[in-house]
Amino acid sequence: MFAPDGGAIVRGGAIKAHRGVLSTTVALIAVAGFGAPAVAATAAPVSVNASGGTAPTDEAPTDEAPVEGEPVEGEYDEDLPLPDEPPEVKFPDDEPDMPDGLECKPGWFFKITKNKKNTMSVKYRTFVENKKNYTIEYKFTSKKSGTTEVGASVAVSADIGVKILGSIKAEIQASAKKSWTSEIGIETYGKVKAKSTVKGNYGISKENVYGYKYYRGSACQKSNKQYMTAWAPYREGWVVS
């Protein structure tokens with residue numbers, strides 16, 4: 001189903017859908033002291049407390065660059081739940097009465113009876129673990145690509161696949177496509193609190209529906225119903241948690 005903008009899905013203004021383009025919210029980091037060697041921060045910044053001692057602060061050094069996410073290997077989720085998805089919606093399955101003698105063009109069709117919660121086919125996974133005593137910045141970059149196509153929980157012909165896509169585009173999600181290949185080099189940025197971990201999943205969102213294929217005869221009657229879950233890709237982006 002059509003997920004609303006925002007939430008934890010990073011897209012639109014948060015990233016630019018161009019290969020290797022930085023986030024509009026990230027400033028260019030320059031090295032102070034041209035020609036001088038850069039000095040890495042080796043300890044958390046400290047402040048004097050009431051008792052005269054020192055304690056870690058929650059502020060990172062101003063010259064500390066964002067930490068690049070570490071890749072996660074292995075099998076990726078094909079149906080990762082998307083955040084803030086609305087509840088499933090049932091569609092009426094009643095048909096109008098057909099006048100006697102009415103003729104229909106015979107053929108196969110697909111009827112949607114339920115708009116299910118959408119999921120993501122993950123193509124790349126990464127994370128940043130912050131072991132420091134202050135908040136740091138992270139940078140995630142998609143480094144693997146993959147393709148998601150129109151499909152169903154049962155084997156269907158190419159013709160039924162076209163009918164599924166047509167029904168999804170007409171009734172639920174106009175952005176749905178027959179096939180979608182994710183890009184490499186899409187970046188997003190954020191902050192990781194002290195002693196915590198942020199995970200990133202980059203992939204392709206799927207519009208999921210439930211319904212059935214059927215054959216409509218020349219007298220407009222239905223036959224050969226087969227129920228299934230079906231889907232079509234409709235966007236790509238980051239899910240950060």
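The analysis underlying the following values was restricted to heavy atoms, covering all of them including side chains, and did not include hydrogens, waters or symmetry mates.
The CG atom of L82 lies 6.0 Å from the CE atom of M120; values are rounded to the nearest 0.5 Å. Going from atom CG of D77 over to atom OG of S121 covers 9.0 Å, rounded to the nearest 0.5 Å. In this structure, the separation between CD1 on I168 and OG on S175 is 12.5 Å, given to the nearest 0.5 Å. Annotation: the span from Q173 atom CD to N115 atom CG amounts to 9.5 Å, rounded to 0.5 Å.
The backbone N or O of F140 sits nowhere less than 3.5 Å from a side-chain atom of T126 that would complete a donor-acceptor pair. A distance-only check finds a donor-acceptor pair linking the side chain of S145 to the backbone of S182 [under 3.5 Å]. For the pair S153 (side chain) and T229 (backbone), a donor-acceptor distance under 3.5 Å is present. Formation of a donor-acceptor pair under 3.5 Å by the R235 side chain with backbone atoms of I204 is not found in this model. Remark: side-chain polar atoms of N208 are paired, donor with acceptor, to backbone N or O of K117 under 3.5 angstrom. Side chain of S142 to backbone of I186: a donor-acceptor contact under 3.5 angstrom is found. Under a 3.5 Å cut-off, the side chain of K169 and the backbone N or O of A174 do form a donor-acceptor pair. Counting only distance, with no hydrogens or angles, the side chain of E85 and the backbone of P83 share no donor-acceptor pair below 3.5 Å. Checked by atom type and distance alone, the side chain of K139 never pairs as donor or acceptor with a backbone atom of E68 at under 3.5 Å.
Of all non-hydrogen atoms in T113 and G211, the two that sit nearest each other are OG1-CA, 3.7 Å. The two residues Y134 and E64 come nearest to each other via the heavy atoms OH-OE1, 3.0 Å. Across all their heavy atoms, G185 and T141 have their closest contact at CA-CG2, 3.9 Å. Of all heavy-atom pairs between P106 and Y215, the closest is CB-OH, 3.4 Å. Closest heavy-atom contact between V198 and K191: CG2-O, 4.0 Å.
Side-chain atoms of E187 and Y189 include a donor-acceptor pair closer than 3.5 Å. Counted by atom type alone, E236 and W180 present one or more donor-acceptor pairs between their side chains at under 3.5 Å. With no hydrogens or angles considered, a side-chain donor-acceptor pair links T148 and K123 at under 3.5 Å. If you check the side chains of N130 and T135, you find no donor sitting under 3.5 Å from an acceptor.
In this structure the side chain of T197 never reaches within 4.5 angstrom of the side chain of V192, judged on heavy atoms. Between I172 and F91 the shortest side-chain heavy-atom distance falls below 4.5 Å. Using a 4.5 Å heavy-atom cutoff, the side chains of I164 and V150 are in contact. For the pair Q226/N224, no side-chain contact is recorded, criterion being any heavy-atom separation below 4.5 Å from C-beta on. Counting only heavy atoms from C-beta outward, the side chains of V128 and I136 approach each other to under 4.5 Å. Under the 4.5 Å side-chain criterion, counting only non-hydrogen atoms from C-beta, S179 is in contact with T147. Between P66 and Y138 the shortest side-chain heavy-atom distance does not fall below 4.5 Å. Between R216 and Q221, the closest side-chain pair of non-hydrogen atoms is not below 4.5 Å.
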Please evaluate residues F110 and V162 with respect to the criterion side-chain contact (heavy atoms from CB on, under 4.5 Å), reporting the C-alpha separation (whole Å), side-chain torsions for both, the decisive distance (0.1 Å), and the verdict. CA-CA 9 Å; F110 183 79; V162 171; over 6 Å; no
Working for side-chain contact (heavy atoms from CB on, under 4.5 Å), residues W238 and Y124: CA-CA 9 Å; W238 283 100; Y124 179 71; 4.1 Å; yes
Take N133 and K195 through the side-chain contact (heavy atoms from CB on, under 4.5 Å) test and state the conclusion after the steps. CA-CA 7 Å; N133 294 323; K195 308 298 183 181; 3.0 Å; yes
Derivation of the side-chain contact (heavy atoms from CB on, under 4.5 Å) call for I112 and Y210: CA-CA 6 Å; I112 297 175; Y210 184 76; over 6 Å; no
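The pair E78-K206 meets the salt-bridge criterion, since a charged nitrogen lies less than 4.0 angstrom from a carboxylate oxygen. Ion pair K144/E73 flagged as a salt bridge, since at least one NZ, NE, NH1 or NH2 atom sits closer than 4.0 Å to an Asp/Glu carboxylate oxygen. No salt bridge links E70 with R125; every basic N to acidic carboxylate O contact stays at or beyond 4.0 Å.
Within 6.0 Å of NZ in K193 there are 12 or fewer heavy atoms belonging to other residues, nucleotides or ligands. In the displayed structure, K225 atom NZ is contacted under 6.0 Å by more than 12 heavy atoms of other residues, nucleotides or ligands.
Between Y212 and Y227, the angle of the ring planes lies from 30° to 60°, which puts this pair in the tilted group.
A cation-pi contact, defined as under 6.0 Å to the ring centre and within 45° of the axis, is absent between K163 and W108. Judged by the 6.0 Å and 45° rule, K222 forms a cation-pi pair with Y214.
A chain of hydrophobic side-chain contacts below 4.5 Å, direct or via other Ile, Leu, Val, Met, Phe, Trp or Tyr residues, connects V209 to V154.
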